[in-house]
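One structure is given here, and the rest of the page talks about it.
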Number of protein chains: 2
Amino acid sequence: MSHNTKDIHSIFSQYLSEQNLRMTTQRELILKTFCKQKKHVTAEQLYEILKKADPTIGHATVYRTMKLLTEAGIARELNFGEGSIRYEPDTSKEHHDHLVCVKCGENIEFLDEEIENLQKRVVSKYGYQLVDHSLNLYGICPKCQKG
Amino acid sequence: MSHNTKDIHSIFSQYLSEQNLRMTTQRELILKTFCKQKKHVTAEQLYEILKKADPTIGHATVYRTMKLLTEAGIARELNFGEGSIRYEPDTSKEHHDHLVCVKCGENIEFLDEEIENLQKRVVSKYGYQLVDHSLNLYGICPKCQKG
DNA sequence: TTGATATTGATAATGAGTTTCATTCGCTGT
DNA sequence: ACAGCGAATGAAACTCATTATCAATATCAA
Ligand SMILES: [Mn+2]
Ligand SMILES: [Mn+2]
Ligand SMILES: [Zn+2]
Ligand SMILES: [Zn+2]
């Protein structure tokens with residue numbers, strides 16, 4: 001269920017060759033750096049981190065590559081309504097949704113099988129074919145409730 | 001449970017006076033026009049509609065007013081990941097979530113009490129205090145499945 | 001090694017939304 | 001009706017995330 005870096009690298013390579021695209025040193029670096037992140041990062045945040053390893057890397061290349069990683073099923077886009085997209089690895093763990101603190105941004109990943117199943121029930125009730133879903137719960141974390 | 005236009009107007013008036021703000025002809029027109037909409041509109045779409053009634057109305061006024069209506073509890077912001085915010089009346093019906101067709105944008109409003117309750121269970125499990133939630137299901141509608 | 005073509009990074013452009021600011025408006029008291 | 005003051009407006013400039021353009025460069029199959 002969980003992939004190591006090598007697996008992910010070959011998943012990406014394969015995706016690229018299927019699309020007649022090429023593996024490059026920039027794409028390798030971005031993939032490696034992205035996978036190392038512990039938190040959900042925006043493209044801009046990742047760009048700042050990448051500049052330390054390669055100061056010549058381009059802004060647009062990071063955006064372009066994150067889009068490719070998403071298409072390849074390696075990254076998942078998260079929209080917490082902040083105005084920018086965050087990314088998380090999509091292959092390293094099971095699907096999950098997010099519980100986000102509106103004060104400090106801290107967030108918890110959860111998976112509720114019952115909710116997942118009920119979502120499927122809603123979708124089929126209306127004859128839709130499920131493609132994706134986005135469930136974000138917004139609240140105040142225990143720490144921020146005190147402060 | 002449901003409000004008519006007059007109710008909503010007085011809700012807005014009251015909110016404005018509480019905040020030491022003023023009712024204006026622009027705000028009245030925007031409120032009236034917004035409430036007439038059958039679909040979820042973006043501020044930009046509403047601006048285009050409003051220009052027909054008042055060609056002098058300003059872009060910024062529409063954005064500013066939609067924000068006020070949201071604060072007043074009259075409008076609700078929806079984020080379907082399209083890059084812009086849509087608005088729907090928040091007082092005219094019960095809370096609901098959305099099932100959106102990724103092909104044509106058609107969307108269905110649904111309310112699943114079981115899902116709502118399970119969400120509360122998740123939030124309290126982690127000691128958070130629920131503020132809001134956003135559940136969007138993305139799929140392909142029956143019509144688009146054929147095409 | 002070569003050549004076709006994909007990729008890159010600098011830069012300009014886009015699009016949603018916000019800020020600024022001089023002018024106008026709404027409201028309260030006269 | 002009138003004055004005065006702060007709030008509101010519209011035009012235009014601005015911000016911020018993201019995308020498009022394009023000349024120079026890198027990749028890879030032959
Ligand atoms: Mn996550
Ligand atoms: Mn709705
Ligand atoms: Zn917090
Ligand atoms: Zn459809």
Side-chain angles (χ1 to χ4, degrees), chain A residues 9-10 12-31 33-34 40-72 75 77-87 105, chain B residues 9-10 12-34 40-72 75 77-87:
Chain A
H9 187 281
S10 46
F12 193 31
S13 291
Q14 188 180 336
Y15 175 79
L16 291 173
S17 75
E18 279 168 13
Q19 307 290 315
N20 291 317
L21 304 177
R22 295 165 183 174
M23 180 55 87
T24 64
T25 54
Q26 288 90 339
R27 285 175 180 168
E28 281 183 329
L29 177 64
I30 293 168
L31 174 63
T33 307
F34 169 62
H40 311 126
V41 288
T42 65
E44 204 59 37
Q45 288 173 337
L46 194 57
Y47 170 63
E48 291 302 323
I49 294 164
L50 284 158
K51 275 203 298 195
K52 291 170 193 160
D54 175 5
T56 73
I57 201 153
H59 186 251
T61 302
V62 180
Y63 279 90
R64 285 188 284 235
T65 303
M66 291 317 296
K67 187 145 277 193
L68 283 174
L69 291 176
T70 303
E71 289 161 18
E77 296 186 346
L78 304 177
N79 188 336
F80 294 156
E82 300 165 305
S84 55
I85 293 171
R86 291 184 178 275
Y87 291 92
Chain B
H9 187 281
S10 47
F12 193 32
S13 291
Q14 188 179 337
Y15 174 79
L16 291 173
S17 76
E18 278 167 14
Q19 308 290 315
N20 290 316
L21 305 177
R22 293 165 184 174
M23 180 57 85
T24 65
T25 54
Q26 288 90 339
R27 286 174 180 169
E28 280 183 329
L29 177 64
I30 293 168
L31 174 62
K32 194 181 75 182
T33 307
F34 169 62
H40 311 126
V41 288
T42 64
E44 206 59 38
Q45 289 173 336
L46 195 57
Y47 170 63
E48 290 303 323
I49 294 164
L50 284 158
K51 275 203 297 196
K52 290 170 193 160
D54 175 5
T56 72
I57 201 153
H59 185 257
T61 303
V62 179
Y63 278 91
R64 285 188 283 234
T65 303
M66 290 318 295
K67 187 145 277 193
L68 283 174
L69 291 176
T70 303
E71 289 161 18
E77 297 186 346
L78 304 177
N79 189 336
F80 294 156
E82 301 165 305
S84 55
I85 293 171
R86 291 183 178 275
Y87 291 92

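Chain letters run A, B, ... following the sequence lines, proteins first and then strands; every chain starts at 1.
For H59(B) and dA16(C), the NE2 to C1' distance is 8 Å, given to the nearest whole Å. As a whole-Å value, the separation of I85(A) CD1 from dG15(C) P is 17 Å. In this structure, E82(B) atom CD and dG15(C) atom P are separated by 15 Å, rounded to whole Å. Remark: P of dG9(C) and NZ of K51(A) are 12 Å apart, rounded to the nearest angstrom. If you measure from atom CD of E48(A) to atom C1' of dC16(D), you get 14 Å, rounded to the nearest angstrom. Spacing between atom CD of E28(A) and atom C1' of dT7(C) amounts to 14 Å, rounded to whole angstrom units. To the nearest angstrom, C1' of dA8(D) lies 12 Å from CZ of F12(B). Across the protein-nucleic acid pair, Y87(B) atom OH and dA16(C) atom C1' stand 11 Å apart, rounded to whole Å.
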> What's the verdict on side-chain contact (heavy atoms from CB on, under 4.5 Å) for Y87(B) and H40(B), showing C-alpha distance, side-chain angles and the deciding distance?
Replying inline: CA-CA 5 Å; Y87(B) 291 92; H40(B) 311 126; over 6 Å; no
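On a pure distance criterion of 3.5 Å, no polar donor-acceptor pair joins the side chain of R27(A) and the base of dT7(C). Taking 3.5 Å as the limit, the base of dG17(C) and the side chain of R64(B) contain no donor-acceptor pair of atoms between them.
Of all heavy-atom pairs spanning L29(A) and I57(A), the tightest one is CD2-CD1, 4.4 Å. Across every non-hydrogen atom of Y47(B) and G58(B), the tightest pair is CE1-C, 3.9 Å. Across all their heavy atoms, S84(A) and T42(A) have their closest contact at OG-CG2, 3.6 Å.
In this structure, of dG17(C), dA6(C), dT18(D), it is dA6(C) that holds the atom nearest to the side chain of L21(A). Residue R22(A) has its side chain nearest to dC28(D) when only dC28(D), dT9(D), dA10(C) are considered. For A60(A), taking side-chain heavy atoms from C-beta onward, the closest of the listed nucleotides dT18(D), dC28(D), dA20(D) is dA20(D). Which of dA6(C), dA16(C), dA7(D) sits closest to the side chain of Y63(B) comes down to dA16(C).
Between A43(B) and Y47(A), the residue whose closest nucleotide on DNA chain C is further toward the 5' end is Y47(A).
Phosphate contact (OP1/OP2 of dA16(C), side-chain N/O of S84(B), threshold under 4.0 Å): absent. Listed pair T56(A) / dT8(C) fails the phosphate criterion, with no side-chain N or O lying under 4.0 Å from OP1 or OP2. In this structure, T24(A) reaches the dT8(C) phosphate: one of its side-chain N or O atoms is under 4.0 Å from OP1 or OP2. The side chain of K67(B) places an N or O atom within less than 4.0 Å of a non-bridging phosphate oxygen (OP1 or OP2) of dT18(C).
Note: H59(B) and Y63(B) have tilted aromatic rings, judged against thresholds of 30 and 60 degrees for the angle between ring planes.
At the heavy-atom level, Q26(A) lies under 4.0 Å from the strands shown only through sugar-phosphate atoms.
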